[in-house]
Amino acid sequence: MTLFVYGTLLDPDVVQQVCGRTFRGIAAQLEGFKCRKVTGEMFPAIVPAESERVTGLLYSEISRADLVNLDIYEGDLYERCQVMVSCDDGAKITAETYILKAEYRHQLSDQKWCLRDFSGESKEAYIKSL
């Protein structure tokens, strides 16, 4: 299975903590979605948003065991959905990703999420909380 990631799962240390291994990622973009911080949390979520785009990575070779761990990690806020992503080379690939469930969208802030900020400000505490 191929998974598109856009938030904390971009960080190899987080992936290692969740899956017990890391993945080689390929740069990709998801059109028609936006990525914002979840209010009061260190992590983001994506929701449909016309004219916006989310950058992230594609991880392939996701095993069933990895998927179980990832589903547990993502929890009840998200639903795993199939999407079409674009790679930097122009290829279009079907992947799965985690999208904020409609009933939790009121928790999405207007603040953009940034991996660099997460790594510098929150990563250590976040990993300890897992």
Side-chain angles (χ1 to χ4, degrees):
M1 186 196 101
T2 303
L3 182 70
F4 175 76
V5 299
Y6 55 84
T8 57
L9 290 172
L10 293 171
D11 187 290
D13 295 332
V14 174
V15 175
Q16 178 70 40
Q17 187 75 18
V18 172
C19 294
R21 67 186 187 119
T22 59
F23 305 98
R24 194 171 129 239
I26 299 169
Q29 300 83 41
L30 176 60
E31 298 289 336
F33 284 82
K34 67 180 180 180
C35 180
R36 300 292 188 271
K37 286 184 177 182
V38 175
T39 301
E41 301 292 351
M42 294 180 253
F43 53 83
I46 62 172
V47 295
E50 212 172 295
S51 303
E52 292 214 35
R53 172 176 32 140
V54 176
T55 59
L57 294 174
L58 279 175
Y59 293 151
S60 57
E61 302 176 12
I62 303 290
S63 71
R64 288 184 191 269
D66 295 329
L67 198 56
V68 167
N69 290 331
L70 289 160
D71 285 348
I72 291 168
Y73 170 73
E74 294 294 351
D76 291 333
L77 286 177
Y78 301 89
E79 58 187 331
R80 188 165 30 93
C81 300
Q82 197 171 73
V83 293
M84 183 68 66
V85 296
S86 301
C87 298
D88 286 351
D89 65 3
K92 303 271 189 197
I93 297 177
T94 301
E96 296 205 5
T97 196
Y98 293 93
I99 298 171
L100 190 64
K101 290 179 181 175
E103 61 264 32
Y104 298 114
R105 292 195 180 154
H106 67 279
Q107 294 181 25
L108 200 64
S109 75
D110 290 330
Q111 192 174 16
K112 291 188 177 183
W113 187 89
C114 173
L115 179 62
R116 183 180 55 244
D117 293 344
F118 169 78
S119 296
E121 299 168 5
S122 309
K123 176 180 167 178
E124 189 175 324
Y126 184 77
I127 289 176
K128 285 180 181 178
S129 74
L130 297 178

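This chain uses plain numbering: 1 for the first residue, then up along the sequence. Only heavy atoms go into these numbers, but all of them, side chains included; no hydrogens, no water, no symmetry mates.
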(request) Could you list the residues that satisfy side chain to side chain donor-acceptor pair (under 3.5 Å) with Tyr126, not counting sequence neighbours? (result) Tyr73
(message) For Phe23, run the side chain to side chain contact (heavy atoms under 4.5 Å, CB included) check against Val15, Leu3, Leu57, Val5 and tell me which one passes.
(response) Val15
Spacing of [atom1] belonging to [X] relative to [atom2] belonging to [Y], to within rounding of 0.5 Å:
| X | Y | atom1 | atom2 | value |
| --- | --- | --- | --- | --- |
| Ser129 | Phe43 | OG | CZ | 9.0 Å |
| Leu100 | His106 | CG | NE2 | 9.0 Å |
| Leu70 | Arg80 | CG | CZ | 8.5 Å |
| Arg64 | Met1 | CZ | CE | 11.0 Å |
| Thr8 | Glu41 | OG1 | CD | 11.0 Å |
| Tyr59 | Phe4 | OH | CZ | 10.5 Å |

Specify the closest pair of heavy atoms between [X] and [Y], including all atoms of both residues, with the distance to one decimal.
| X | Y | value |
| --- | --- | --- |
| Leu115 | Gly7 | CD1-O, 4.4 Å |
| Ala27 | Asp88 | CB-OD2, 3.3 Å |
| Thr22 | Pro12 | CG2-O, 3.5 Å |
| Cys35 | Pro44 | SG-CB, 3.6 Å |
| Ile62 | Asp66 | CG2-CB, 3.7 Å |
| Arg36 | Ser109 | CB-O, 3.2 Å |

Under 4.5 Å between any side-chain heavy atoms of [X] and [Y], yes or no?
| X | Y | value |
| --- | --- | --- |
| Tyr6 | Thr97 | yes |
| Phe118 | Val14 | yes |
| Asp71 | Tyr98 | yes |
| Arg105 | Ile99 | yes |
| Thr2 | Thr94 | no |
| Lys37 | Lys112 | no |

(message) Determine whether a donor-acceptor pair (N or O, by modelled atom type, separation under 3.5 Å) exists between the side chain of Thr39 and the backbone of Gln107.
(response) yes
(message) Test of understanding: clusters of I, L, V, M, F, W, Y form through side-chain heavy atoms closer than 4.5 Å, transitively. Do Leu130 and Tyr78 belong to the same one?
(response) yes
Should we say atom [atom1] of [X] is surrounded by more than 12 heavy atoms from elsewhere, each under 6.0 Å from it?
| X | atom1 | answer |
| --- | --- | --- |
| Glu50 | CD | no |
| Asp110 | CG | no |
| Glu79 | CD | yes |

(request) In plain terms, say whether Glu61 and Arg21 are close enough for a salt bridge, that is, a side-chain N and a carboxylate O under 4.0 Å apart. (result) no
